Structures are given as C-alpha cells and as structure tokens.
Amino acid sequence: METSHKTENIRVKIVNRGGQPLPAYETFEAAGMDVRAAIKEPVTLAPLQRALIPTGLHVQLPPGLQIEMRPRSGLALKHGLSLVNSPGTVDADFRGEIGAILINLSDTPYTIEPGERICQMVVTPYLHVTWHEVDKIDETARGEGGFGHTGVE
C-alpha cells in the first residue's frame, strides 16, 4: 500500500543559548523533535519531585503555530519521568526560554544528565474560536455521557 507523506517545511527562527544540539526529528515520519536538557550539572529528581529544566531555546513562531511539549515515551515507561503540564503549550507570542517541568513519578530517584533528551516538542497549528452563547445546544446519541460512558469491551 502506497502512502503519501505531506510535509510543509516552515522556517522558524530559534536562538540556542543552551549549548546543546537543536531539537531534531529522529526519523522522517516523526511528529516530535527531541529536546535536550541545557544544564551544567546533573539534576536528581527524588520520587514525586518536579523541577523546571531549562532547554536554552527561544523561538519565534509564526502566527497560527504553537509548540506542544510532551513526555518522551521511553523515559515515561522505563523511569516514570513525565511532564507535569503535559502537553505544555508554547504560544506564538512567547519569547522567553522554553523550559520543561519534569516530574519523577517512579519510586526511585532519577538523574537528568546535561544534554539528555528529556522531552519532545511538536509544532502544530491552532485555531481561534468566537463563542456564540445560546440557551441550548444540539442533542447527540451520546448526550451527557462522560468518563467511562462507552464502557469496556
């Protein structure tokens, strides 16, 4: 089966003050780019401890794009390392240093090494909506069914 791969190459200005390689796609089909810790010394997170880890990166996104900061699945599975605010959002008008709020959800300490790949960033478009306040919204088959509504099969 042949698939088409549509990519759009958008140039984004980036300042790298962290001394680490720029975020990069590890494979052609990857949606996320690995981001590295811009730290001088190792940082150890005790169980349930969180810390803001600098990346040294400042970006200038064009309007209509955002960055979502997401955990790396390998770190989450093997070491319980995640992002507290996953996904973290970097807005197009933000010009500060991008940081990653890491948390150790395991029962053992984890040490983050300088230059370690700590999370991934995904650049995505976003939409703005205009709210239209009404007294009633349309019904659906699901209705008000919430968490667990569809059950387990």
Side-chain angles (χ1 to χ4, degrees), residues 1 3 5-129 140 142-153:
M1 180 169 129
T3 61
H5 184 73
K6 181 183 178 195
T7 60
E8 191 173 334
N9 191 352
I10 299 172
R11 293 175 60 91
V12 174
K13 293 180 181 179
I14 187 168
V15 174
N16 183 2
R17 295 191 176 123
Q20 300 298 328
L22 289 176
Y25 298 105
E26 293 296 319
T27 67
F28 179 72
E29 298 287 337
M33 293 177 268
D34 288 342
V35 177
R36 296 176 182 272
I39 52 179
K40 301 270 189 236
E41 302 291 329
V43 173
T44 299
L45 295 178
L48 299 180
Q49 184 180 9
R50 63 186 178 273
L52 177 62
I53 305 297
T55 67
L57 303 173
H58 302 252
V59 298
Q60 182 178 327
L61 292 169
L65 293 181
Q66 66 162 341
I67 291 174
E68 292 183 359
M69 302 293 284
R70 301 178 182 178
R72 292 191 67 230
S73 58
L75 285 177
L77 176 64
K78 295 174 188 172
H79 304 289
L81 204 65
S82 191
L83 295 180
V84 175
N85 61 329
S86 180
T89 300
V90 180
D91 295 307
D93 58 354
F94 178 68
R95 294 297 185 265
E97 179 180 2
I98 297 172
I101 308 170
L102 293 180
I103 187 166
N104 179 358
L105 297 174
S106 76
D107 58 359
T108 59
Y110 182 82
T111 300
I112 302 160
E113 299 293 336
E116 182 175 351
R117 295 179 298 160
I118 55 170
C119 63
Q120 58 182 327
M121 64 169 47
V122 177
V123 180
T124 62
Y126 63 87
L127 301 172
H128 278 185
V129 299
T140 66
R142 180 177 179 170
E144 294 184 17
F147 298 103
H149 172 71
T150 58
V152 178
E153 292 186 25

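The structure presented is a predicted model; accordingly, all values stated were derived computationally and were not measured.
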Which atoms form the tightest heavy-atom contact between [X] and [Y], and what is the distance?
X    : Y    : result
S86  : P71  : OG-CD, 3.0 Å
N104 : L45  : ND2-O, 2.9 Å
N16  : P21  : ND2-C, 4.2 Å
A31  : Y25  : O-CE2, 3.5 Å
P23  : L57  : CG-CD1, 3.4 Å
E41  : P114 : C-CG, 3.9 Å

Sub-3.5 Å donor-acceptor pair from the side chain of [X] to the main-chain atoms of [Y], do we have one?
X    : Y    : value
T111 : P42  : no
E68  : G88  : no
Q60  : R95  : no
R50  : I103 : no

Heavy-atom check, side chain of [X] versus side chain of [Y], under 4.5 Å:
X    : Y    : answer
T55  : M121 : no
R117 : L75  : no
L83  : I101 : no
L22  : I14  : yes
I67  : T89  : no

To the nearest 0.5 Å, tell me how far [X] [atom1] sits from [Y] [atom2].
X    : Y    : atom1 : atom2 : answer
E116 : L102 : CD    : CG    : 9.0 Å
Q20  : I118 : CD    : CD1   : 10.0 Å
T44  : Y110 : OG1   : OH    : 10.0 Å
M33  : E26  : CE    : CD    : 11.5 Å
R70  : C119 : CZ    : SG    : 11.5 Å
I112 : I39  : CD1   : CD1   : 6.0 Å

